[in-house]
**Q** 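The structure under discussion is supplied below as structure tokens; questions concerning it will follow.
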Amino acid sequence: MFENDTKNQHFVTQAEQRLNAANPEADDKNKRIYSFKLVDRENYGLVLENSDGNRISKNLSASDIFSFDVAGDSDKRLNFEELFQKYESHVVTHTSNLLDKLKAKKDIKTEIIDLFSAKFLNFVRNPFSVAKIINTFPGLAAHAPTNPELLRMYRRIVDGRKPHQAHRCSELGISNVQYLEWLRILFMLLMPLKNGQPNFFDQIIKQLFEDRDNYLAVWVCEYDHESCLLPDRGYSQPIPNGPHMAFSFNLHRNAFITYIFADPRTLLDGKAHPEFLDKVLADRKSLPHKPIDVQFFRNNRELLAIYNGHVVYQCHERVFCAVKDGLILPQGRRE
């Protein structure tokens, strides 16, 4: 499951980048995307890095970033590529189905959940967010599988040969300890630890979408002409973490999606009588399925400016796009 010869490892999938390709009609190996370097975070200042764009096959990737044991005399290495494939293999289909079903007013729950899983994985495996990932899953790396074969493999994360480790840690500004903890978190999240049971990652997603104490809203914004940015971190957050949690993700060159997991009591504090609120929440829990409030917006430039602004302000150092000019961004200095 872990052994393959993949050295060039993407942390934002090629499939998602191709949905933002500047030349969508080209063969996959020749598709390109425009890269913008952040030069002024407060004023959303960007500089186009290459007028010809970057080759997607080499973009948002790094050599052996997820490899935890590299053979010295062959091309074989142990990494998480097969575990990632479970989530990333259907992104293009789910994206297309989501937008088609929204227009036809059909049920989209499957696409909403499966797309969130794939997009949230981009956060979990993003090397620019290692410290945040460790803080998001505190203590997970301290656990270990009980299955002897899995435990043997898990220990190779620490003991395995990683000639790239020192360079990657220096490049990312993280310690060896942080790097190994991140790899252990990926193993514990994505590897099924018992036969017939979902992994921790799937359990987390299931809990998020089934928790009746939270209000769930999904906004999908699509555009006929304007372009949506793709961040090097793979996600942005429209509101700070607190009683509510929200993530925005690029869907393709002309669409993005926002998930909002909100505490209804905080949302309605001071706006509804406590007894009325208790009844509303009790009624919601009695429904056979947790409701999802879905809003579909077409050509809303104000929402696009907000989304692109968050992508730029929260990126590590680059954003990507299908076009090299005409970006919709907030005006003026960020407050």
**Q** At what distance, to the nearest 0.5 angstrom, does CG of D293 lie from OH of Y215?
**A**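 Those atoms lie 3.5 Å apart.
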**Q** Kindly compute the distance separating CZ (F84) from CG (L186), expressed to the nearest 0.5 Å.
**A** 5.5 Å
**Q** Share the residues that join V39 in a hydrophobic cluster, the rule being Ile, Leu, Val, Met, Phe, Trp or Tyr side chains under 4.5 Å apart at the heavy-atom level.
**A**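 Under the 4.5 Å side-chain rule, V39 groups with V47.
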**Q** Quick one: are C228 and L304 in side-chain contact, heavy atoms under 4.5 Å?
**A** yes
**Q** Does D232 reach the main-chain N or O of E317 with its side chain, forming a donor-acceptor pair under 3.5 Å?
**A** yes
**Q** For R298, check salt bridge (Lys or Arg N to Asp or Glu O under 4.0 Å) against everything at least two apart and list the hits.
**A** E222, D224
**Q** How long is the gap from OG on S57 to CG on D28, to the nearest 0.5 Å?
**A** 10.0 Å
**Q** Quick check: closest heavy atoms across D263 and H244, and the distance to 0.1 Å?
**A**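 Looking at all heavy atoms of both residues, the closest pair is N-ND1, 3.1 Å.
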**Q** Salt-bridged, D75 to K7, with N to O below 4.0 Å?
**A**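 No.
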**Q** So S67 and Q9, do their side chains get closer than 4.5 Å, heavy atoms only?
**A**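 Counting from C-beta outward, Q9 and S67 do come under 4.5 Å.
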**Q** Could you check whether any side-chain heavy atom of I112 comes within less than 4.5 Å of a side-chain heavy atom of Y259, counting everything from C-beta outward?
**A** yes
**Q** Quick one: does F320's side chain get under 4.5 Å of Y34's, heavy atoms only?
**A** no
**Q** For the residue pair N79 and N4, confirm or rule out a side-chain donor-acceptor distance under 3.5 Å.
**A** yes
**Q** Using atom types as modelled and distance alone, determine if a side-chain donor or acceptor of N8 lies under 3.5 Å from a backbone N or O of S61.
**A** no
**Q** Tell me whether the count of non-hydrogen atoms from other residues, nucleotides or ligands lying under 6.0 Å of NE2 in H90 goes above 12.
**A**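 No, NE2 of H90 has 12 or fewer neighbouring heavy atoms, counting only those of other groups under 6.0 Å.
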**Q** Taking ring pair (Phe, Tyr, Trp, His ring centres under 6.0 Å) as the cut-off, I'd like each qualifying pair that reaches into residues 121-154, sequence neighbours left out, listed once.
**A** F11-F128, F120-F123, F123-Y235, F128-H316, Y154-F187
**Q** I'd like to check F256 versus L229 (side-chain heavy atoms, cut-off strictly below 4.5 Å). Are they in contact?
**A**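 A side-chain contact is absent here, since even the closest heavy-atom pair is not under 4.5 Å.
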**Q** Would you say NZ of K58 has more than 12 non-hydrogen atoms from neighbouring residues, nucleotides or ligands within 6.0 angstrom?
**A** no
**Q** Side chain to side chain contact (heavy atoms under 4.5 Å, CB included) for E16 and L230? Distances and angles first, verdict last.
**A** CA-CA 9 Å; E16 293 171 79; L230 174 70; 5.5 Å; no
**Q** Side chains of K162 and Y179, heavy atoms from C-beta outward: is any pair under 4.5 Å?
**A** yes
**Q** Shortest non-hydrogen contact from A21 to I56?
**A** CB-CD1, 4.1 Å
**Q** Would you mind telling me which of L140, N199, D202 makes a side chain to side chain contact (heavy atoms under 4.5 Å, CB included) with L189?
**A** L140
**Q** Let me check something: do I306 and I257 share a hydrophobic cluster, defined by ILVMFWY side-chain heavy atoms less than 4.5 Å apart, either directly or through other members?
**A** no
**Q** For residues 190-197, which side-chain donor-acceptor pairs fall under 3.5 Å, sequence neighbours excluded?
**A**
none

**Q** Hey, does the side chain of N300 reach the backbone of L303 with a donor-acceptor pair shorter than 3.5 angstrom?
**A**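 It does hold such a pair.
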**Q** Just by distance, do the side chain of Q178 and the backbone of A131 share a donor-acceptor pair under 3.5 Å?
**A**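 No; zero donor-acceptor contacts below 3.5 Å.
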**Q** Using atom types as modelled and distance alone, determine if a side-chain donor or acceptor of Q17 lies under 3.5 Å from a backbone N or O of N59.
**A** yes
**Q** Just jot down the salt bridge (Lys or Arg N to Asp or Glu O under 4.0 Å) partners of R253, sequence neighbours excluded, or say none.
**A** none
**Q** For R152, does the CZ atom sit with more than 12 other heavy atoms under 6.0 Å from it, leaving out its own atoms?
**A** yes
**Q** Could you tell me the separation between the NE2 atom of H252 and the OG atom of S227, rounded to the nearest 0.5 Å?
**A** 10.5 Å
**Q** Output yes when R184 and E181 qualify as a salt bridge under the 4.0 Å nitrogen-oxygen rule, no when they do not.
**A** no
**Q** Looking at C315, is its backbone amide N or carbonyl O close enough to the side chain of R41 to form a donor-acceptor pair, meaning the two atoms are under 3.5 Å apart?
**A** yes
**Q** Can you get from V177 to F68 by hopping between Ile, Leu, Val, Met, Phe, Trp and Tyr side chains that sit under 4.5 Å apart?
**A** no
**Q** Any side-chain heavy atom of N126 within less than 4.5 Å of one from K132?
**A** no
**Q** May I ask you to decide if the ring planes of F247 and F116 are parallel, tilted or perpendicular, using 30° and 60° as cut-offs?
**A**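 Perpendicular.
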**Q** Find out if a path of hydrophobic residues (ILVMFWY) with successive side-chain heavy-atom gaps under 4.5 Å connects I239 to L208.
**A**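 As far as the 4.5 Å side-chain criterion goes, L208 and I239 are not connected within one cluster.
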**Q** Do P163 and V70 have side chains that approach each other closer than 4.5 Å (heavy atoms only, starting at C-beta)?
**A**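 In contact.
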**Q** Test of understanding: with salt bridge (Lys or Arg N to Asp or Glu O under 4.0 Å), list the residues that count as partners of E88, not counting sequence neighbours.
**A** R125
**Q** OH of Y313 to CG of N43: how many Å apart, nearest 0.5 Å?
**A**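 Answer rounded to 0.5 Å: 10.5 Å.
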**Q** Side-chain heavy atoms nearer than 4.5 Å, only ILVMFWY residues, links allowed to pass through others: does that put F201 and F261 together?
**A** yes
**Q** When rounded to the nearest 0.5 angstrom, what distance separates CD in Q237 from CD in Q314?
**A**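 These two atoms lie 6.0 Å from each other.
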